[in-house]
**Student:** 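Below: one structure in structure tokens.
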Protein chains: 2
Amino acid sequence: MMTRPQRKNNPAALRLRLLDCAATLIVDHGVPALTLENVAREAGVSKGGLLHHYSSKDALIGGLFDMVVEWFGSQVDAAIEPEENRPARFSRAYLQVIANIDMSVPAEKRLAVLILMLSSDPHYCARWNSWVDERLREHHRTDTSPMARTLRLAADGLWLSDLGGGPDSVSSKRGEILQFLQTLDPGPATSTPHADKGGQ
Amino acid sequence: MMTRPQRKNNPAALRLRLLDCAATLIVDHGVPALTLENVAREAGVSKGGLLHHYSSKDALIGGLFDMVVEWFGSQVDAAIEPEENRPARFSRAYLQVIANIDMSVPAEKRLAVLILMLSSDPHYCARWNSWVDERLREHHRTDTSPMARTLRLAADGLWLSDLGGGPDSVSSKRGEILQFLQTLDPGPATSTPHADKGGQ
DNA sequence: CCATAAAAACCGTCCAGACGGTATGTTTTG
DNA sequence: CAAAACATACCGTCTGGACGGTTTTTATGG
């Protein structure tokens, strides 16, 4: 017996397609291209059909945000090394996921969408920030060292450069950059709030 | 001859105010808030007055971009250390300028605008990337080491977190982060394409 | 297994508001 | 007075989304 009744209309699949089309539109043609009509057309559905599943543009964007966060979260979880007390566990996974994004793969365009959303709406900034902070609390025993922070910051920098293709000095040396960052010694986590090594 | 004619209407000052108001609008309310009417109202001028100085929205954005790049460039130049062969001269200055941005100062909000513009318009991505690459060519003898790249990437990460206030884990530790990054040894510039030093 | 009614999925049109931009004044400056 | 600096009024377009209609799926009862 078929696990999927294979009915003609598949609402769940359509919802996914709508979100993916929205992501692709943003990445390929910029935020202004994200209109209900464009999304509907790309997904091969009418505007009414789109509005049936996402009752407003905000709802659509919200769904997009949720999808991206969930996707990124699962990717990071999958990349986390098993050794429980490995320094900078989370930050290293965070970096790896971002560094390995291939913008030519539709599913991986999703992450770029996040930055674009952050730029349009302060509301999503807050949600993203709290997501990061939550993860950081969860991994506070391994990911509080200055070097762990540095890895995450550098990852964000890589992420940023993914947007517009990035300067040649970055995009052409992806692998080399990641390799170098992975050799950095994160050092033990610093549960103490300050760790001044005597600045310059 | 008076340096300040102090006439009632001051076009030059208005143009500056228009750009600053545009920057503030973007940073505080997101890109969608950047409309001609909003900018004009914030600057205390009519829409016609705005269009008199910037004949289209694109012209306004272009002016914004130019202002930001010029401001950032001069800041970095001023922060570059005098010793000619100091490793990562440029990258360290780049980092310092970004890390010291105080988003509560209107003039310094300008830099955040850049990211937002990058996210909306691929055209400005290219212009920004080429600006960076140009600077990098200029400083290729001091700023090609992997660690120098890392400093710039981390700076971009800080920059990004400036957008939405950034997660608490970053915004509240600004100084500590900068201090740590400054202690990293950039190592000598690597004119050769690879330079693995194994660990920090 | 079928008939059928209700609900869910989807379509196509229309409209109000917003936005960029123009055209035409009116005031200020030199 | 001429030109620059600004104001006011208005237009065309685009977009979100409301609305009513149509088709497909599901639930129900015999």
Side-chain angles (χ1 to χ4, degrees), chain A residues 1-26 28-65 116-117 119-121 123-124, chain B residues 1-22 24-26 28-65 116-117 120-121 123-124:
Chain A
M1 179 173 279
M2 316 189 61
T3 53
R4 281 293 139 206
Q6 191 69 351
R7 49 199 185 298
K8 192 175 169 193
N9 289 346
N10 190 338
L14 175 57
R15 272 192 292 265
L16 254 185
R17 209 170 56 215
L18 286 168
L19 294 183
D20 267 332
C21 288
T24 301
L25 270 172
I26 291 183
D28 291 351
H29 301 16
V31 175
L34 186 72
T35 71
L36 297 183
E37 262 141 3
N38 282 351
V39 172
R41 184 164 33 77
E42 286 294 310
V45 82
S46 74
K47 199 160 70 170
L50 163 65
L51 284 168
H52 174 71
H53 293 287
Y54 295 99
S55 54
S56 73
K57 189 174 184 181
D58 277 347
L60 177 70
I61 295 178
L64 200 50
F65 182 85
L116 297 170
M117 286 177 34
S119 69
S120 335
D121 198 330
H123 171 244
Y124 291 106
Chain B
M1 179 184 278
M2 313 186 61
T3 51
R4 280 292 141 207
Q6 192 67 355
R7 48 198 186 292
K8 191 175 169 192
N9 290 347
N10 191 338
L14 175 57
R15 272 192 293 265
L16 253 184
R17 208 170 58 216
L18 286 168
L19 294 182
D20 268 332
C21 288
T24 301
L25 269 173
I26 292 182
D28 291 351
H29 304 303
V31 175
L34 186 73
T35 71
L36 296 182
E37 263 141 2
N38 281 352
V39 173
R41 185 163 31 76
E42 285 295 310
V45 80
S46 73
K47 198 163 72 169
L50 173 125
L51 285 167
H52 175 70
H53 292 287
Y54 295 98
S55 54
S56 73
K57 190 176 184 178
D58 278 347
L60 177 72
I61 295 177
L64 201 51
F65 183 85
L116 298 170
M117 286 176 35
S120 335
D121 197 331
H123 171 244
Y124 291 105

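Just so it is clear: chains get the letters A, B, ... in the order the sequence lines come, proteins before strands, and each one is counted from 1.
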**Student:** With sequence neighbours left out, write down each residue that passes side chain to side chain contact (heavy atoms under 4.5 Å, CB included) with B/His52, or none if nothing qualifies.
**Tutor:** none

**Student:** Sequence neighbours left out, what passes side chain to side chain contact (heavy atoms under 4.5 Å, CB included) with B/Val45? Give chain and number order.
**Tutor:** B/Leu14, B/Leu18, B/Ala40, B/Ala43

**Student:** Given that A/Ser55 and B/Gly49 both sit by DNA chain D, which one's nearest nucleotide is further toward the 5' end?
**Tutor:** B/Gly49

**Student:** Taking atom CG of A/Asn10 and atom CZ of A/Arg17, what is their separation to the nearest 0.5 Å?
**Tutor:** 9.0 Å

**Student:** Rounded to whole angstrom units, what separation is found between the OH atom of A/Tyr54 and the P atom of D/dG16?
**Tutor:** 16 Å

**Student:** When A/Val39 is tested against each of A/Leu19, A/Thr24, A/Leu60, A/Ile26 for side chain to side chain contact (heavy atoms under 4.5 Å, CB included), which residue passes?
**Tutor:** A/Leu60

**Student:** Report each atom pair, protein N/O against N/O of nucleotides 11-15 of chain D, whose distance is under 3.5 angstrom.
**Tutor:**
none

**Student:** Nearest-Å distance, CG (B/Leu51) to P (C/dT22)?
**Tutor:** 8 Å

**Student:** Tell me, do A/Val31 and B/Val31 make a side-chain contact under 4.5 Å, heavy atoms counted?
**Tutor:** no

**Student:** Whether the side chain of A/Lys57 engages the backbone of A/Leu34 through a donor-acceptor N/O pair (distance < 3.5 Å, no angle test) should be reported.
**Tutor:** yes

**Student:** Please produce a list of atom pairs where a protein N or O lies less than 3.5 Å from an N or O of nucleotides 1-5 of chain D.
**Tutor:**
residue	atom	partner	partner atom	Å
D/dA5	OP2	B/His52	NE2	3.1

**Student:** Going by side chain to side chain contact (heavy atoms under 4.5 Å, CB included), name the residues that satisfy it together with B/Leu16, two or more places apart in sequence or in a different chain.
**Tutor:** B/Met67, B/Arg110

**Student:** Quick one: list whatever passes side chain to side chain contact (heavy atoms under 4.5 Å, CB included) with B/His29, sequence neighbours left out.
**Tutor:** B/Leu25, B/Ala33

